[in-house]
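Here's the structure we're looking at; comments come further down.
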Amino acid sequence: QVQLVESGGGLVQAGGSLRLSCAASGLIFSAYAMAWFRQAPGKEREFVARISRAGHSTDYSDSVKGQFTISRDNAKNTVYLQMNSLNPEDTAVYYCAATQRPWGDHAPDRYAYWGQGTQVTVSS
């Protein structure tokens, strides 16, 4: 049974930082590209960042480029999202997702497995 469990969310002031983690189990982690998505109230789920299977390639949405960093540790079956210079527009539930596509995708429906999400709230 595949499980993705996010952690690290919380309440932070504008300008602050958070590091999200997503621990995977029940799958061969290194065989999956990973991604982070987020969903704000009343909005559709949107792509944030993706990372290739071995971690050599990364990609970001324009809204977080230069602000967020995705990384992974295949020995720990974990993917991370370092979020810096947070602002209230970053408030959302953040989800990690896994796909067997080598490079992942921006489209949520290309991902087979999802975590339950972790809330990030940025106060002004």
Side-chain angles (χ1 to χ4, degrees):
Q1 179 182 352
V2 175
Q3 282 194 312
L4 302 178
V5 180
E6 300 98 336
S7 61
L11 174 64
V12 64
Q13 288 190 328
S17 298
L18 283 174
R19 187 194 196 203
L20 305 183
S21 299
C22 171
S25 61
L27 53 69
I28 301 173
F29 186 66
S30 59
Y32 286 78
M34 301 296 295
W36 288 94
F37 289 78
R38 66 185 180 185
Q39 188 165 18
K43 294 188 177 181
E44 292 186 353
R45 191 167 298 190
E46 67 168 343
F47 168 79
V48 173
R50 58 176 171 165
I51 188 166
S52 59
R53 293 169 173 172
H56 297 316
S57 298
T58 58
D59 179 38
Y60 300 89
S61 67
D62 288 343
S63 60
V64 306
K65 199 171 295 183
Q67 181 188 1
F68 292 3
T69 302
I70 189 171
S71 61
R72 67 189 294 163
D73 185 338
N74 285 354
K76 295 183 178 180
N77 287 3
T78 301
V79 62
Y80 305 96
L81 187 68
Q82 177 67 43
M83 306 187 296
N84 298 328
S85 302
L86 286 163
N87 57 73
E89 290 71 37
D90 296 315
T91 295
V93 177
Y94 283 73
Y95 299 89
C96 68
T99 179
Q100 286 189 293
R101 290 172 172 265
W103 180 206
D105 201 280
H106 284 209
D109 62 4
R110 303 301 175 90
Y111 291 81
Y113 302 109
W114 290 83
Q116 82 289 349
T118 185
Q119 177 70 48
V120 171
T121 303
V122 184
S123 63
S124 57

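Computed over heavy atoms, backbone and side chain alike; hydrogens, waters and symmetry mates excluded.
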Looking at [X] and [Y], what are the two nearest heavy atoms and their distance?
X   : Y   : answer
M34 : I70 : O-CD1, 4.1 Å
A92 : A40 : CB-N, 3.8 Å
K65 : D62 : NZ-OD1, 3.3 Å
P88 : A14 : CD-CB, 4.2 Å
L81 : A49 : CD1-CB, 4.3 Å

Q) Aromatic rings W114 and F37: how do their planes relate, parallel, tilted or perpendicular, breaks at 30° and 60°? A) tilted

Is there a donor-acceptor pair closer than 3.5 Å between any side-chain N or O of [X] and the backbone N or O of [Y]?
X    : Y    : result
Q67  : N84  : yes
Q39  : E46  : no
T118 : G9   : yes
Y95  : E6   : no
Q13  : V122 : no
N74  : R53  : yes

What distance separates [X] [atom1] from [Y] [atom2], expressed to the nearest 0.5 Å?
X    : Y   : atom1 : atom2 : value
R45  : Y94 : CZ    : OH    : 13.0 Å
F68  : S17 : CZ    : OG    : 9.5 Å
I51  : S71 : CD1   : OG    : 6.0 Å
N87  : S63 : CG    : OG    : 9.5 Å
R50  : S57 : CZ    : OG    : 9.0 Å
W103 : T58 : CH2   : OG1   : 6.0 Å

Would you say the side chain of V120 lies within less than 4.5 Å of the side chain of L18, judging by non-hydrogen atoms? yes

> Are the side chains of R38 and V64 in touch, meaning some heavy atoms are under 4.5 Å apart?
Replying inline: yes

Measure from NZ or CZ of R19 to the centre of the six-membered ring of Y80 and say whether it is under 6.0 Å with the direction within 45° of the ring axis.
yes

Honestly, is R72 close enough over F29, meaning NZ or CZ under 6.0 Å from the six-membered ring centre and within 45° of the axis? yes

request  = Run the ring-centre check on F47 versus Y60 and record whether the distance is less than 6.0 Å.
outcome  = no

Residue set satisfying side-chain contact (heavy atoms from CB on, under 4.5 Å) with T121, at least two apart, ordered chain then number -> L11, T91, Q119

- prompt: Are Y32 and Y111 linked, directly or through other ILVMFWY residues, by side chains that come within less than 4.5 angstrom of each other?
  reply: no

The single option from D73, V79, T78 that satisfies side chain to side chain contact (heavy atoms under 4.5 Å, CB included) with S21 is T78

Evaluate side-chain contact (heavy atoms from CB on, under 4.5 Å) for D105 paired with T99, printing each intermediate quantity in order.
CA-CA 8 Å; D105 201 280; T99 179; 6.0 Å; no

